[in-house]
Amino acid sequence: MKKLALLLFVLPALLAQAQHKTNPKSFAKRITIEDMRRHLYIIAGAEMEGRETATEGQRKAAAYIQNEFKTLGLVPGNNNNYQMHFPVYVDSLQNLSFSVNDTAFVANEDFSVNLMTSHPAAYRFSEVVFAGNGISDSTHDDYKGLDVKGKLVMVWSEDVPAGSRKGFSGFTQQSAAMKNGAAALLVVNKNIAATNNKGNMYVNRYQKTQRITTFNISEKLAEKIMGPGYAVQKATAQTPQVYAANIALSFNKTTITLQSSNVLGILEGTDLKDEYVVLTAHYDHLGKRGDTIWYGADDDGSGTVTILELAKAFSKAKAAGKGPRRSILFMAVSGEEKGLWGSDYYSSHPALPLEKTTVNLNIDMVGRIDPSRKHGDSSNYIYIVGDDKLSSDLKPISEAINKKYSKLELDYKYNDPKDPERIYYRSDHYNFAKNGVPVIFYFSGLHPDYHKPTDTPDKINYSLMQKRAKLIFFTAWEMANRNDMLKRDIPLDGRTR
C-alpha cells in the first residue's frame with residue numbers, strides 16, 4: 001500500500017515532466033496559412049464594418065471569436081461567459097443656443113461647443129471680461145489685475161488676431177480660466193468647427209474636476225459683443241477690459257451608455273492549472289465613416305487570427321493528451337484603439353488572479369513588413385518589446401526558444417521606453433505590465449496603410465505571419481509548461497502612458 005501511495009503521489013509529477021518534454025513542433029503545424037487567411041477575410045471583411053468599439057461591427061466580430069473559442073473546446077473565461085462586458089459612454093447634443101442683446105446667433109456658423117469638455121449649463125450674463133490670450137502661467141499672466149470669479153471670460157484663440165502669442169491651446173486657456181474662477185469661457189476663432197450631434201466615446205464618466213463650459217465663437221459674434229472696441233483690441237496690445245452686453249448661453253446634452261466586450265476562452269491546464277499564461281490581441285479597429293470602412297487587417301486582425309490559431313494548436317495538443325500544465329487564457333480585447341480600454345478594464349476586474357499570471361504575450365500587428373527597416377532580413381524578423389522590463393527570466397527564455405525553433409531575427413528597436421514612437425505604452429500588454437505581470441509584445445512595425453482604409457487582408461504576408469505565430473506558440477508552450485512561474489525581480493520603470 002505504501003508503494004502504491006508513493007506511486008500515486010509521484011505519477012502526476014512524472015506525467016508533467018514527460019509532458020514538458022513533449023516536442024511541440026507537431027502541434028505548431030496546426031497553425032496554417034489557409035486558416036489564417038480564412039479567418040482574416042472574415043474578421044477584416046466588410047460585414048464587420050471596421051469593428052469599432054461599441055458598434056454592431058464590433059459585436060459581430062466578438063460573436064465570431066466566441067463561436068471559434070467554443071468550437072475549439074475552450075471554456076468561458078469570465079465565470080460562465082465568454083464575454084466580459086464593460087460600459088462605454090457617448091454624449092448626445094440636446095440643444096445649443098447663444099444670443100447677444102436678444103439677437104440669436106446660428107449654431108455651427110457663429111458658435112459651437114466641444115461635447116466632451118463642456119457640461120450642461122444655462123447662463124445669463126450682463127457683461128463679459130476680455131482677457132487677451134487667456135494665458136496665466138509662470139511667464140505671462142493675462143489675468144493680472146482682473147476679477148473674473150463667477151464671470152464670463154472672452155479670449156483670443158491662437159490664430160486670432162494674427163501675430164498673437166503662439167504656443168498655447170484651448171485646453172491651456174480653459175485651465176487658466178478655471179484657475180482664476182471664471183464661470184464660462186468664450187474663445188474667438190477664425191473658423192468654427194461644427195458641434196457634432198454625438199461626441200467621442202469615453203469610459204471615465206466620473207472625473208475629479210469638471211472643465212468649464214467653453215463656447216467657440218466667430219469674430220462676427222465677438223464684434224457684436226465688443227462693439228467698436230473689437231477692432232481696437234485686435235489692432236493693439238489687447239488690453240483687458242469689461243464689455244457690457246446681455247448674453248444668454250444654453251447648452252444641454254445627454255449621456256448614452258453603450259457596451260463593448262473582451263472575449264475570453266480558457267484551456268485548462270493540468271498540475272499547474274491555477275497558474276496562467278494570458279495571450280492577447282485586440283480585435284477592435286476604427287470602424288467606418290459613411291461608406292468608407294477602415295478594415296484593420298494588420299491592426300489588429302493579424303493578431304486576432306493569430307490568437308485563434310494558437311488556441312487551435314493548444315486545443316489539439318490537449319486532445320492528444322499533451323495539454324499545457326498551466327491554464328491558458330486566450331483573450332481578444334476591445335477598445336484598444338480608443339485608449340487600451342478593454343485591457344485596462346480586465347486589469348481592474350481580472351477574471352484570473354494577476355499574481356498567478358506568469359506572463360502576458362500580446363500580439364498587435366504581425367502581418368506586414370516594416371518598410372523603414374533597412375537592416376537584416378526583413379522577410380524573417382519580429383520586433384520584441386517589453387521582455388526585459390519585469391523579469392530577468394523572460395528575455396533569455398524568449399531568445400532560447402527562438403534559437404531552438406523559429407530562428408527569426410528578434411529586433412529590439414522599439415524596446416526602449418524612451419523611443420519617440422512610445423510603442424511600449426501603446427498596446428494592451430502595458431495594462432498587464434503596470435500591474436507587475438511580465439510581458440512580451442510582438443509587433444511587425446508601422447507601414448503606409450496604418451490606420452487607413454487601405455489596411456486590407458490582401459496585403460498581409462501570410463507565410464511570415466505564420467512563422468511569427470509559431471514563435472509565439474513555442475514561447476507560450478514554454479511559459480505554460482516550465483516548473484516555475486517567471487520571476488518578478490525588475491521594478492516597473494514608473495513611466496506612464
Side-chain angles (χ1 to χ4, degrees), residues 25 28-29 31-37 39-41 43-44 279-282 285 294-307 309-310 336 361-389 394-429 439-476:
K25 286 185 176 180
K29 291 179 181 178
I31 300 171
T32 67
I33 290 173
E34 292 74 21
D35 279 353
M36 284 184 155
R37 182 181 285 112
H39 286 309
L40 191 54
Y41 270 86
I43 290 289
L279 306 180
T280 54
H282 75 89
H285 194 55
W294 276 253
Y295 292 95
D298 191 30
D299 184 16
D300 185 31
S302 62
T304 303
V305 304
T306 297
I307 287 286
E309 288 297 282
L310 295 173
E336 191 271 355
L361 304 181
N362 182 47
I363 313 159
D364 190 352
M365 298 177 63
V366 290
R368 297 280 293 268
I369 292 174
D370 181 355
S372 71
R373 191 175 189 268
K374 304 301 182 183
H375 62 277
D377 182 1
S378 288
S379 66
N380 189 53
Y381 80 100
I382 186 70
Y383 292 120
I384 299 290
V385 181
D387 64 339
D388 61 347
K389 299 292 182 286
L394 189 49
K395 185 171 184 174
I397 292 172
S398 168
E399 292 184 337
I401 291 298
N402 179 61
K403 184 176 180 180
K404 182 176 181 179
Y405 294 109
S406 301
K407 297 177 175 58
L408 285 163
E409 291 182 6
L410 303 185
D411 192 323
Y412 297 97
K413 173 183 177 180
Y414 293 109
N415 196 43
D416 184 354
K418 296 179 181 178
D419 182 87
E421 295 286 351
R422 291 177 59 83
I423 294 296
Y424 176 64
Y425 303 98
R426 287 173 54 181
S427 193
D428 294 301
H429 61 280
V439 300
I440 298 179
F441 172 31
Y442 298 92
F443 175 60
S444 58
L446 304 177
H447 48 72
D449 299 305
Y450 173 68
H451 279 194
K452 293 180 181 178
T454 49
D455 180 11
T456 49
D458 57 297
K459 296 177 181 176
I460 297 296
N461 187 323
Y462 288 94
S463 61
L464 184 51
M465 185 165 75
Q466 178 195 40
K467 192 167 185 179
R468 291 163 174 161
K470 287 183 177 181
L471 169 62
I472 301 167
F473 172 77
F474 291 130
T475 306

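Treat the numbers as computed from the prediction; the structure is a model and nothing was measured.
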So, the side chain of Thr456 versus the backbone of Ala297: is there a donor-acceptor pair under 3.5 Å, distance only?
no
If I take atom OG1 from residue Thr280 and atom NE2 from residue His282, how far apart are they, to the nearest 0.5 angstrom?
10.0 Å
Give the C-alpha distance, both sets of side-chain angles, the deciding distance and a yes or no for side chain to side chain contact (heavy atoms under 4.5 Å, CB included) between Lys395 and Ile384.
CA-CA 10 Å; Lys395 185 171 184 174; Ile384 299 290; over 6 Å; no
For the student: nearest non-hydrogen atoms of Asn402 and Leu408, plus distance:
ND2-O, 2.8 Å
Nearest heavy-atom pair of Pro453 and Trp294: which atoms, and what distance?
CD-NE1, 3.4 Å
Validation row: Ile382, Leu471 side chains within 4.5 angstrom (heavy atoms):
yes
If I compare all heavy atoms of Tyr381 with all of Arg468, which pair ends up nearest, and what's the gap?
O-NE, 2.9 Å
Six-ring centre of Tyr424, Lys389 cation under 6.0 angstrom, axis tolerance 45°:
yes
So among Asp428, Leu310, Val305, which one has a side-chain contact (heavy atoms from CB on, under 4.5 Å) with Ile363?
Leu310
Taking the side chain as every heavy atom from C-beta outward, state whether Ser463 and Ile33 have any pair of such atoms under 4.5 Å apart.
yes
Please report the shortest heavy-atom distance between Ala476 and Leu279, naming the atom on each side.
CB-CD2, 4.1 Å
May I ask you to decide if Ile31's main-chain N or O and Gln466's side chain share a donor-acceptor pair within less than 3.5 Å?
yes
Could you tell me whether a side-chain N or O of Asp300 sits under 3.5 Å from a main-chain N or O of Ala281, the two making a donor and an acceptor?
no
Nearest heavy-atom contact between Asp455 and Asp298 is OD1-N, 2.9 Å
Answer yes or no: is there an ion pair linking Arg426 with Asp364, defined by an N-O contact shorter than 4.0 Å?
no
CD1/Ile423 to OH/Tyr425 distance, rounded to the nearest 0.5 angstrom?
12.0 Å
Do the ring centers of Tyr412 and Tyr414 come within less than 6.0 Å of each other?
no
Main chain of Ser302, side chain of Thr306: is a donor-acceptor contact present, judged purely on distance under 3.5 Å?
yes
Could you walk me through whether Asn380 and Lys467 satisfy the side chain to side chain donor-acceptor pair (under 3.5 Å) test, starting with their C-alpha distance in whole Å, then the side-chain angles of each, then the deciding distance to 0.1 Å, before giving a yes or no?
CA-CA 8 Å; Asn380 189 53; Lys467 192 167 185 179; 2.7 Å; yes
Could you go step by step and tell me if Met465 and Arg368 meet the side chain to side chain contact (heavy atoms under 4.5 Å, CB included) rule?
CA-CA 8 Å; Met465 185 165 75; Arg368 297 280 293 268; over 6 Å; no
Heavy atoms, side chains only, cut-off 4.5 Å: are Asn461 and Ile369 in contact?
yes
For Asp299 and His451, does a side-chain donor sit closer than 3.5 Å to a side-chain acceptor?
yes
Distance (rounded to the nearest 0.5 Å) between Lys29 NZ and Lys470 NZ:
8.0 Å
Determine, for Asp411 against Arg373, whether the closest basic-nitrogen to carboxylate-oxygen distance falls under 4.0 angstrom.
yes
Is any side-chain heavy atom of Lys25 closer than 4.5 Å to a side-chain heavy atom of Tyr405?
yes
Heavy atoms only: give me the nearest Leu394-Asp387 pair and the separation to one decimal.
CB-O, 3.4 Å
Say whether, by atom type as modelled, one donor and one acceptor occur between the side chain of Lys404 and the main chain of Ala400 under 3.5 angstrom.
no
Just verifying a value: how many Å separate Ser398 OG and Lys403 NZ, rounded to the nearest 0.5 Å?
13.5 Å
Evaluate Thr454 against Lys459 for side chain to side chain contact (heavy atoms under 4.5 Å, CB included), listing each step before the verdict.
CA-CA 9 Å; Thr454 49; Lys459 296 177 181 176; 3.5 Å; yes
Point-to-point distance, once rounded to the nearest 0.5 Å, from CZ of Phe441 to CE of Met365:
8.0 Å
Evaluate the side-chain proximity of His429 to Leu361: yes if any heavy-atom separation is below 4.5 Å, no if none is.
no
Under 4.0 Å between a Lys/Arg side-chain N and an Asp/Glu carboxylate O for Asp419 and Lys413?
no
Could you walk me through whether Glu309 and Phe473 satisfy the side chain to side chain contact (heavy atoms under 4.5 Å, CB included) test, starting with their C-alpha distance in whole Å, then the side-chain angles of each, then the deciding distance to 0.1 Å, before giving a yes or no?
CA-CA 9 Å; Glu309 288 297 282; Phe473 172 77; over 6 Å; no
Do you see a donor-acceptor pair shorter than 3.5 Å between the side chains of Asn362 and Ser427?
yes
Are Asp370 and Tyr383 linked by a side-chain donor-acceptor pair shorter than 3.5 Å?
yes
Side chain to side chain, Leu464 and Tyr462, heavy atoms closer than 4.5 Å
no
